[in-house]
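Comments concern the structure below.
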Amino acid sequence: MRKSVELVIFDSEEEYRQEYINIFVRRDTYSLRGIPVVFDEKSFGHIFFEPVSEMDKKGRFSARRAKKMHFIKAILCEEVTVEIMHEVDRGTIAVFCADLDCVIYLRNRIGTGKLQIGSFFDFGRDHTKMYEKQKKKCVPITDAEMKGLIK
């Protein structure tokens, strides 16, 4: 079966921000295996920014990463094959997609029964190396275990 996930190409950071708001923030329909996933506007500055150096906490906008924002939608809607893992030391849920060379990290919004987008990494040039590096931080988790963590 052939599947496709579109890239979005805009001329400015503001256009990418508006696409993010329209696709994710203004919609309340995303979930991961029945657990609601929420997005907020301020997360754009974390999800689609990359550090310039280790001293740089804010980073700079990454059009390369933002072009792939629809990958997040495809992953959460499970239009592509995903592997769900748990990053125990941070308490996050990691949703890996080998086909799209990326991972989404979701935070537990304690007391709400929801997950919130934390970060999104595409693995870039050294995708195999980066994919394995991120997976080493995680352990497998079943749907039942994940649902037990999210309360």
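The shown structure was predicted, so the numbers you read here are calculated from the model rather than taken from an experiment.
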Using the side-chain contact (heavy atoms from CB on, under 4.5 Å) rule, take Y105 and V95 through it: C-alpha gap first, then chi angles, then the decisive distance, then the call. CA-CA 6 Å; Y105 286 99; V95 187; over 6 Å; no
If you apply the rule side-chain contact (heavy atoms from CB on, under 4.5 Å), what do you find for I93 with I84, and how did you get there? CA-CA 7 Å; I93 301 298; I84 301 173; 3.7 Å; yes
What do the steps show when you test K73 against C77 for side-chain contact (heavy atoms from CB on, under 4.5 Å), and what is the final call? CA-CA 6 Å; K73 179 181 167 187; C77 295; 4.3 Å; yes
Report the C-alpha distance between R107 and L115 in whole Å, list the side-chain angles of each, state the deciding distance to 0.1 Å, and finish with yes or no for side-chain contact (heavy atoms from CB on, under 4.5 Å). CA-CA 5 Å; R107 295 189 288 259; L115 292 165; over 6 Å; no
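For the ring pair (Phe, Tyr, Trp, His ring centres under 6.0 Å) condition, no pair includes a residue of residues 63-94, sequence neighbours left out. Counting only residues at least two apart or on different chains, the side-chain hydrogen bond (donor to acceptor under 3.5 Å, both in side chains) pairs with a member in residues 140-151 are R33-D143, T142-E145.
Taking both residues in full, the closest heavy atoms of P36 and G113 are given as CD-O, 3.6 Å, listed atom of the first, atom of the second, then distance. Considering all non-hydrogen atoms of both residues, P140 and M85 come closest at N-CE, 3.6 Å. Nearest approach of H46 to G118, heavy atoms of both residues: CD2-O, 2.8 Å.
For the atom pair CD1 of I117 and CD1 of I104, the computed distance is 5.0 Å after rounding to the nearest 0.5 Å. Remark: L106 CG to S119 OG distance equals 8.5 Å, nearest 0.5 Å. With rounding to the nearest 0.5 Å, the separation of CG in D89 from SG in C138 is 8.5 Å. I23 CD1 to F39 CZ: the interatomic distance, rounded to the nearest 0.5 Å, is 10.5 Å.
A search for side-chain hydrogen bond (donor to acceptor under 3.5 Å, both in side chains) contacts involving K135 returns E83, not counting sequence neighbours. For E13, the salt bridge (Lys or Arg N to Asp or Glu O under 4.0 Å) partners at least two apart in sequence or on another chain are R17. For K68, the salt bridge (Lys or Arg N to Asp or Glu O under 4.0 Å) partners two or more places apart in sequence, or in a different chain, are D122. Remark: T81 pairs with D99 by the side chain to side chain contact (heavy atoms under 4.5 Å, CB included) rule, at least two apart or across chains. Under the ring-ring contact (aromatic ring centres under 6.0 Å, His included) criterion, Y16 pairs with F10, F61, not counting sequence neighbours. Remark: E41 engages no residue in a side-chain hydrogen bond (donor to acceptor under 3.5 Å, both in side chains) (not counting sequence neighbours). Applying the ring-ring contact (aromatic ring centres under 6.0 Å, His included) rule to F120 yields no partners; only residues at least two apart in sequence or on another chain are considered. Residues satisfying the side chain to side chain contact (heavy atoms under 4.5 Å, CB included) test with S31, not counting sequence neighbours, are none. Taking D11 as the reference, nothing meets the side-chain hydrogen bond (donor to acceptor under 3.5 Å, both in side chains) condition, with sequence neighbours excluded. With sequence neighbours excluded, no residue satisfies salt bridge (Lys or Arg N to Asp or Glu O under 4.0 Å) with R90.
Residues C102 and F96 form no side-chain contact, since every pair of their non-hydrogen atoms from C-beta on lies 4.5 Å or further apart. Two residues are said to be in side-chain contact when any heavy atoms from C-beta on lie closer than 4.5 Å; K114 and V37 fail this criterion. Within the 4.5 Å cutoff, the side chain of V8 has heavy atoms near those of the M69 side chain. Within the 4.5 Å cutoff, side-chain heavy atoms of I141 are placed close to those of L149. When side chains are defined from C-beta on, S43 does not count as touching F24, because their heavy atoms never get closer than 4.5 Å. In this structure the side chain of Y30 reaches within 4.5 angstrom of the side chain of R27, judged on heavy atoms.
I110 CD1: 12 or fewer foreign heavy atoms inside a 6.0 Å radius.
E50 and R65 are joined by a salt bridge, as a carboxylate oxygen and a charged side-chain nitrogen come within less than 4.0 angstrom of each other.
Remark: side-chain polar atoms of N108 are not paired, donor with acceptor, to backbone N or O of G91 under 3.5 angstrom.
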